[in-house]
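Taking it in order: structure first as structure tokens, then the write-up.
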Amino acid sequence: MQEEMIKRAKELLADGTVNRVLGWKKGEFAYDSTPAVFETAEELERDFVCDDFTQANLSKYLIKESRKEGKILAFLKPCDTYSFNQLLNEHRIIRENVYVIGIPGGPKLDVEKIKAKGISGIISVKNENFTLKIETLYGTETMPFYEAISEKCANCKSKKHVEYDELIGAEGDVLNSKRFDMVEQLENMTSQERYDFWQSELSKCIRCNACRNVCPACTCENCVFDNPKSGIDQKAAADSFEEKMFHIIRAFHVAGRCTDCGECTRVCPQNIPLHLLNRKFIKDINSLYGEYQAGADRTTKCPLTDYKEDDCEPSVVHERGVE
Amino acid sequence: MQVNENFEPVIVAFCCNWCSYAGADLSGTNRLNYPTNVKIIRVPCSCRVNPMFILRAFQKGADGVIICGCHPGDCHYTSGNYFTRRRITLLYSMLDFLGIERNRTRLEWVSAAEGAKFAAVMNEFTEDVRKLGPNRRLEDLRCRKK
Amino acid sequence: MQKIGVFVCHCGTNIAATVDVKAVAEALANEPGVVISQDYQYMCSESGQDLVKSAIKEHNLTGVVVCSCSPRMHENTFRKAAAAAGLNPYLVEIANIREQCSWIHKDIASATEKAIVLGKAAVAKVHLNTPLTAGESPVVKRALVIGGGIAGIQTALDIAEAGFEVDIVEKEPTIGGKMAQIDKTFPTLDCAACILTPKMVEAAQNEKITIHSFSEVSDVKGFVGNFTVTIKKKARYVDETKCTGCGLCTEKCPMKKVPNEFNMGLDNRTAVYIPFAQAVPKVATIDPNYCLMLKNGKCGVCSKVCSVGAIDYKQTDRFVEQKYGAIVVATGFNPIKLDKYDEFAYSWCPDVVTSLELERLMNAAGPNGGTLLRPSDKKHPHTIVFVQCVGSRCDDEKGKPYCSKICCMYTAKHAMLIREKYPDTEVYVFYIDVRTPGKNFDEFYRRAVEQYGVHYIKGMVGKVTPKADGTIDVQASDLLSNEQLHIDADMVVLAAAIEPDKTARPLATMLTTQMDTNDFFTEAHPKLRPVESATAGIFLSGACQGPKDIPETVAQASAAAAKAIGLLCKNSITCNPCVAHSDELMCNGCSSCEKVCPYGAITYQDKEFRMPDRTMAIRRVASVNPAVCQGCGACTVACPSGAMDLNGFSNSQIMSEVDAICK
Amino acid sequence: MNKYEKDWIDITSGVNVRKCMRCGKCTATCPSFDEMEYHPHQFVYMVEKGDIAPLLGSDSLYKCLTCFACVERCPRGVEPAKVVEAVRLAAVRKQGNNHLIPDQIPAMLDDDMPQQAIVTAFRKYTK
């Protein structure tokens, strides 16, 4: 796969279709592939990587990149194309300046899950027949592939590309995921239990802003939390209220726009399941206003900027589930 | 839960200028009593109420927040309250999801003619919040009153 | 440094009896920025206002808080007083301590406490008030009427009568609309052409009225008082200025097999045609779908016979741009298509017709010259069955959910006319309800039953089966006698539901006006503003707003004209200054705000900005047209970046009130 | 009137009889009209009123061909055939067993009976 991608990228660079390539490059460790822009065939040969750890959603980078001189080639996984499409809907990406190649998605691996097995000093990770062979400083370890799959891939919603110029590999389908199971589990708790759950999760927040900075829906020129005029600006959460405030407002601002790409949870250094907040909104929207998948197409109206005359009343919130 | 009889909740009511604020005025004109705990903030339309305002109220010490707007279909701006209904339903659902007591938040449709309804809603809401006791789950400790 | 004056009103004893006004004034005197805090018996009285005025001058106040009755009562009074003393009127805030405090509370201590909190909230807000100026935007003294039916004609005539220029845009080659196709009108039975055609001529001759026939609106920009509209004048291949309407070309045209839409396709016309004798403008039009010259390049007969050289095969669509102050929509209605009602055999039996087709069959200028004959064999029908509510009052999947309103009356009219002209013809009307609200309407319907012997049967037709002998078996229920009937009919007439014209939906998008789910235009208020749309400067006339008969259409047309005239009379419009505005540096250009704006007040443009990293970048940013924005604030919440804010009710103002109340 | 019975019919039929605007198109369209004592519109109206006992005892229940013409043509989407079916089921359940056993049917056949009626009979009268 990686070879094929490099080959095609070099062709497109050579024939002048694009002048840059957005992909991933190897990091210091085998498992920290990071997004990168390549300008020459040599750079591609040397650094370009696409493996079990190239999880990062590249679509957000295209906001800035598509505004630069010349066309850029972007390799997008199915989930990334949803974000890409949503950003097109919001006029944030200039489509003409991007050449999209759809590539198959995961499942990708979460190194934290490998480390959680007590495996450290990782040098390389190889998938051999769904068994991970992990070379470490201390010898070779093995573990089942499926136990190391990242949260976002385990609950994958779709393997179908919703926007691309060409595809490498076979096209997949929209899946029937169980992504709302955890939300439902929480909904079935008592109010006090839910409060305790979130109190302990959100109190871990160190306000590093990683979730915001990686989120392809959080693309504001100037975030309200950085803007003294908004009245709610804050640098670091001073107490538990501000922790909640930040995450409620953030979830609300991306409600109806969040494509559920799972990046927020992936990058959280404190492992807070932030995607649950977004999924709660998605689940509510689906059940109250009809199935809606942000980014799935270019025409459906976002449920928060739309309405029906016979929408349910907010009292549904007070009447359902457990108090 | 123990009910503190002496607890006086702070209640912020956002009322749209055209229907609910006028409905509140009408309950005054008709001398219909509701508790002094309720303080009204006038907004042009219920759709002007930003979730930030609601959180801000809880942060600064409110124990309950209620939003009042024109009945669906009667919005002065034709569609404002339909947006309110979706936004606030989702926000309240989220607050509930985070374990905030659901009776601290409410949305009511009160027309300019419903002075009696306005007073009744405020009486009921104040009692609901009084039963819940002070807001502890969504407060900013720095703002707590002695 | 803010200098705020606080003025606490006693309102006689209305406030003072339950609120300790002196204590309120004293407490508010200690609030930051407050330089003077006074109480007075009646603040709204002349002397009370003088107190405010002199304090503004004496202390150079930058803000005024009046603790008094509801702002809905006296906000304007105090704003005017402030303006008279040289303070911007939008620097005045009212704390409502009467309706929302003294009148509802009995305990003086707690009422006073609440009044102080309300006062503090107002002081906190007024700190953040900014001077606002109501903008003015000029009004172009010209109106556009879209649609040239009776509604459009009446509106245009009324506006022209008031002295303003009016343009009518009509998509067909002639104005006149549906009324021109109708034979007689209820409940007086006068001939439609006799009352409509003089109006058409009047419109054509009125020097204030310009008729753009065979034209469509292709683009609308701008806002109340200042719309720019692009009108597409479709190629009619005949020079309107030269054509005299002599009709020689239509006689000589060899292509004579074109279904005649004016006669509902019941007979044929030529490829070059004038829809009907009294058409306005009386100018020929060439139908490019049938013209042999335009299709194959072989013919040219019309060009040869035209003595004035009006035929121009090379004509193309032309676009005209014009500015208007007001737009009146009068796009009217059409009967629905009946293909899906198989049970009535409409699609395959020529003797099953719609009511509008029957109008043409009975019209003296129609295909049969006014003699009622069956379309299939041109024989005189002896039994005619009318079916009501075809496609009206249905479930959403089965048809239209509304009552089409006009069918009961025109069916009574048809039944009566047939019985009068052909007493040997039996007429059956199957009805669910007979709805006749209107002046002389029920009398009219009773006359059909009592004097003309029309058989009204409460029930519905279930199945219409054309038989080999040419008659039609009508199977129906008679609910009152609980019978199933079979009638051997010669003709069946279906009262098809009416629906808004298909052009209405794209037009509504262009005009940013609202429509209901049935594509009828939504009025600004169903009772109090029935002829205005929610978008300022756009008015509604006739059946585009809902099913209507002719008298009602004309009444509404004149009402819409009156509203349009009211707007055109003004030289400029004062705008509400409490409108939204976008901070371009923060705007993402994501279009969320645009989608929730009910007025279409928000537009986007690409602007070049200096970015924080000192590069220049072109960004898409929103801008609000203050003349169109009504200040609801829906956009401020839709905006994730907080770039959108509302004058007079800004985020920081409302939050400062929240803070003051919760403190 | 038996509230329980009415509710039961409402639930089993899944029909909201209150949607009926009394146009009678169901009866106008019914091919079994002549056979029936109570006609489709009466079924709908009587169920709405809760006047179900006469229907339960009537032969009309078994005259409905379930041809669904009324369902097809009802402008309001009321689906009268489903109401008839629900009342019929109620009658069958009341008797505790099948109204008719298959063996009886051949004897009842005659030449005029439409094919559809035979199929319908087999479908309805046996479980």
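Worth saying up front: this structure is predicted, and the values here are computed from it rather than measured. Naming: A, B, ... by sequence-line order, numbering from 1 per chain.
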**Request:** Could you tell me which portion of Val316(A) (side chain, backbone, both or neither) has an atom closer than 4.5 angstrom to a non-hydrogen atom of chain B?
**Result:** side chain
**Prompt:** Salt-bridged, Arg279(A) to Glu187(A), with N to O below 4.0 Å?
**Reply:** no
**Message:** Tell me whether Arg86(B) forms a cation-pi arrangement with Tyr307(A), defined as NZ or CZ under 6.0 Å from the six-membered ring centre and within 45 degrees of its axis.
**Reply:** no
**Item:** Proximity breakdown for Gln199(A) and chain B, heavy-atom pairs closer than 4.5 Å
**Value:** neither
**Fill in**
Taking a cut-off of under 4.5 angstrom between non-hydrogen atoms, the residues of residues 211-222 of chain A near chain B are none
**Item:** Charged N-O contact under 4.0 Å between Arg266(A) and Asp110(A)
**Value:** no
**Prompt:** For Phe246(A), is the NZ or CZ atom of Arg207(A) found under 6.0 angstrom from the centre of its six-membered ring and inside 45 degrees of the ring axis?
**Reply:** yes
**Item:** Qualifying residues under salt bridge (Lys or Arg N to Asp or Glu O under 4.0 Å), relative to Asp284(A), sequence neighbours excluded
**Value:** Lys280(A), Arg320(A)
**Request:** Sort out for me which of Val224(A), Asp196(A), Asp306(A) touches chain B most, counting heavy-atom pairs under 4.5 Å.
**Result:** Asp306(A)
**Contacting moiety of Ser230(A), where chain B heavy atoms sit under 4.5 Å** = backbone
**Asked** Should Glu124(B) and Arg106(B) count as an ion pair when the cut-off is N to O under 4.0 Å?
**Response** yes
**Asked** With no hydrogens and no angle check, is any side-chain donor or acceptor of Thr305(A) less than 3.5 Å from a backbone partner on Lys301(A)?
**Response** no
**Under 4.5 Å from any heavy atom of chain B - which part of Ile285(A)** = both
**Asked** Measuring heavy-atom distances to chain B, does Ile248(A) have an atom under 4.5 Å in its side chain, in its backbone, in both, or in neither?
**Response** side chain
**Request:** Flag the one option from Tyr289(A), Trp198(A), Phe281(A), Phe197(A) with the top tally of heavy-atom pairs under 4.5 Å to chain B.
**Result:** Tyr289(A)
**Fill in**
Applying a strict 4.5 Å limit to non-hydrogen atoms, the region of Glu139(B) in contact with chain A is backbone
**Prompt:** Under 6.0 Å between ring centres, would you say that holds for Tyr34(B) and Phe118(B)?
**Reply:** yes
**Salt-bridge contact Glu263(A)-Lys152(A) (side-chain N to carboxylate O under 4.0 Å)** = yes
**Message:** What I'd like to find out is whether the side chain of Lys60(B) reaches to under 4.5 Å of the side chain of Asp140(B), using heavy atoms alone.
**Reply:** no
